[in-house]
Amino acid sequence: MIEAVDRNSNQADLNAIREAVLGWHAHSGRNLPWRDDRHDPYRVLVSEMMLVQTTVSAVIPYYHKFLARFPTVESLAGAPEPDVLKHWEGLGYYRRARQLHQMAREVTDRFGGTIPADEADLLSLPGVGRYIAGAVRSFAFDQPAPILEANTIRLLARLTGTKEEVTSGSAQKRLWATAESLVSPDDPGTFNQALMDLGAEVCTPRNPDCSHCPIADFCVANREGLTESIPVRLARKPPTPGEEAAVVLTRASDRSILLLERPETGLWSSFWELPTFWISGADPARRASLGASIATPEKIPQAVGHLFGLDSVDVEPAPRVTVNYVVTRYKMFLQVMFGSVRETGRRHDTPNCPDGWKSARFVSHDDMKKLTMPSAHRKVLRKVDF
DNA sequence: AATTCGGGGGA
DNA sequence: TCCCCAGAATT
């Protein structure tokens with residue numbers, strides 16, 4: 001037995017761990033769609049970008065749809081950004097979609113359409129950090145590059161008995177060193193995937209199945225009864241609550257609905273959303289800038305017509321639909337109001353765009369489906385029932 | 001070193 | 001409810 005894989009370990013222990021992990025993986029590894037063509041670096045990149053802080057089960061349907069529409073680097077590089085974002089809608093962390101899109105264009109421009117295998121080249125691409133670079137190198141190019149991510153952080157922290165907070169700089173440095181010393185020189189890609197699978201299926205966050213773990217004999221946490229207390233993580237702060245009110249403002253002449261295009265920076269950048277007013281508490285979407293003086297639901301009916309320069313606006317103050325959603329560290333309560341513009345006229349065709357937003361317009365039912373919107377507002381429109 | 005980036009699933 | 005998820009970029 002070894003004290004820790006990155007310190008008092010010898011070559012025989014390392015080899016024994018590698019063989020045990022690979023042997024377990026041969027019959028108990030996960031069968032995942034992006035492994036069907038593991039050596040296609042484009043598929044590796046698409047899957048890894050989607051999997052950033054996102055569960056495997058959430059990614060699988062998006063992966064299939066995305067690859068059906070953008071099967072190659074060239075097809076993605078040549079696609080318009082709204083098309084790319086639409087295929088990402090609902091997955092979250094939309095910066096990744098733009099980074100992947102930009103990545104395809106840089107691969108085309110800087111690397112002649114071929115995804116590079118060199119670490120520095122990979123790290124120079126947008127959205128690629130140490131983990132994704134290691135994943136592409138080991139999975140697609142069979143290079144002995146280490147990886148460190150959620151599953152292997154937990155597994156390696158337990159294996160080595162890491163008692164410090166795992167996101168701290170010193171712990172990260174040691175865990176990366178452990179991963180590097182452990183990665184199999186013979187089949188690094190399979191080994192790295194096997195280590196992740198073992199973390200996902202056996203070395204789980206709670207109630208790890210140590211009795212079926214192929215490397216339990218080498219595990220410090222198992223030996224010392226610390227599997228429930230490792231990994232150590234900082235206590236997270238409770239979410240800050242906030243209230244908003246959204247208005248579904250329908251134009252009577254054609255049943256189109258008023259939508260706003262969000263600013264280019266920050267949360268949901270350049271997404272389309274219902275006009276939404278900040279009421280109280282947290283304001284993660286910076287909606288206070290849209291008429292902060294309102295701040296009470298009662299004032300919204302009067303303010304809407306004035307804010308958008310519309311005549312004959314009628315808004316019901318009573319909310320009939322509510323949606324709760326969580327974004328970053330904020331827990332939001334969204335109440336929905338309903339309004340209509342009863343008369344048609346030029347002023348209704350071109351609503352004023354409030355300061356800070358990119359544009360405002362009435363959108364038809366068909367066009368609404370094509371735009372990319374935050375999930376909470378998608379949910380509102382589903383519940384409203386057109 | 002802390003924050004910002006979403007959204008969903010499982011216990 | 002609470003916790004976590006194949007992290008990276010910015011401040």
- prompt: If the P atom of dA11(B) is compared with that of dA6(C), how far apart are they to the nearest Å?
  reply: 14 Å
field: salt bridge (Lys or Arg N to Asp or Glu O under 4.0 Å) against Lys331(A), all qualifying residues, sequence neighbours excluded
entry: none
message: Under 4.0 Å from OP1 or OP2 of dT3(B): is there any side-chain N or O of Lys237(A) that close?
response: yes
Qualifying residues under side chain to side chain donor-acceptor pair (under 3.5 Å), relative to Glu244(A), sequence neighbours excluded: Arg287(A), Tyr325(A)
query: NA contact type, Tyr94(A), heavy-atom cut-off 4.0 Å: base, sugar-phosphate, or nothing?
result: sugar-phosphate
field: Residue Glu149(A), side-chain heavy atoms: nucleotide from dA6(C), dA8(C), dG9(B) that is nearest
entry: dA6(C)
- prompt: Separation of His377(A) atom NE2 from dG7(B) atom C1', in whole Å?
  reply: 14 Å
query: Taking only residues two or more places apart in sequence or in another chain, which ones pass salt bridge (Lys or Arg N to Asp or Glu O under 4.0 Å) with Glu119(A)?
result: Arg137(A)
- prompt: Base, sugar-phosphate, or nothing: which does Arg35(A) touch, judged by heavy atoms less than 4.0 Å apart?
  reply: base
task: Compute both the distance and the angle, then confirm whether Arg18(A) meets the cation-pi test with Phe191(A): under 6.0 Å from the six-membered ring centre, within 45 degrees of the axis.
output: no
field: Pairs satisfying salt bridge (Lys or Arg N to Asp or Glu O under 4.0 Å), at least one member in residues 189-198 of chain A, at least two apart
entry: Arg30(A)-Asp197(A), Arg35(A)-Asp197(A)
message: Holding to salt bridge (Lys or Arg N to Asp or Glu O under 4.0 Å), I want the full list of residues that pass it with Asp83(A), two or more places apart in sequence or in another chain.
response: Arg69(A)
task: Could you tell me whether Trp34(A) contacts a base, only the sugar-phosphate backbone, or nothing, with contacts defined as non-hydrogen atoms closer than 4.0 Å?
output: base
message: What's Ser375(A) touching, base or sugar-phosphate or nothing? Going by heavy atoms closer than 4.0 Å.
response: sugar-phosphate
Sort me out a list of protein N/O and nucleotides 3-5 of chain C N/O pairs below 3.5 Å, or just none if empty.
unit_1 : atom_1 : unit_2    : atom_2 : d
dC4(C) : OP2    : Arg236(A) : NH2    : 3.3
dC5(C) : OP1    : Arg154(A) : NH1    : 2.5

- prompt: dA9(C) P sits how many Å from Arg130(A) CZ, rounded?
  reply: 14 Å
query: Under 4.0 Å between a side-chain N/O of Arg95(A) and OP1 or OP2 of dA8(C), yes or no?
result: no
message: Does Arg286(A) qualify as a cation-pi partner of Trp278(A), given the criterion of NZ or CZ under 6.0 Å from the six-membered ring centre and within 45 degrees of its axis?
response: no
query: Taking for each residue the nucleotide of DNA chain C bearing the nearest heavy atom, is the 5' side occupied by Leu32(A) or by Gly127(A)?
result: Leu32(A)
query: Over how many whole Å does the gap from Ile60(A) atom CD1 to dG8(B) atom C1' extend?
result: 14 Å
query: In whole Å, what separates the C1' atom of dA9(C) from that of dG8(B)?
result: 23 Å
message: So Gln99(A), base contact, sugar-phosphate only, or nothing? Heavy-atom distance under 4.0 Å.
response: sugar-phosphate
message: Counting only side-chain nitrogens and oxygens, does Trp268(A) get under 4.0 Å of the OP1 or OP2 atom of dG7(B)?
response: yes
field: Leu122(A) CG - dA6(C) C1' separation (whole Å)
entry: 16 Å
Base dA6(C) paired with Arg30(A) side chain (donor-acceptor, <3.5 Å): yes
- prompt: Tell me: CE of Met103(A) to C1' of dG7(C), nearest whole Å?
  reply: 12 Å
Nucleotide nearest Arg286(A) when distance is taken to its side chain, options dG7(C), dC5(B), dT3(B): dC5(B)
query: Which part of the nucleic acid does Gly199(A) contact within heavy-atom distance under 4.0 Å: base, sugar-phosphate only, or nothing?
result: nothing
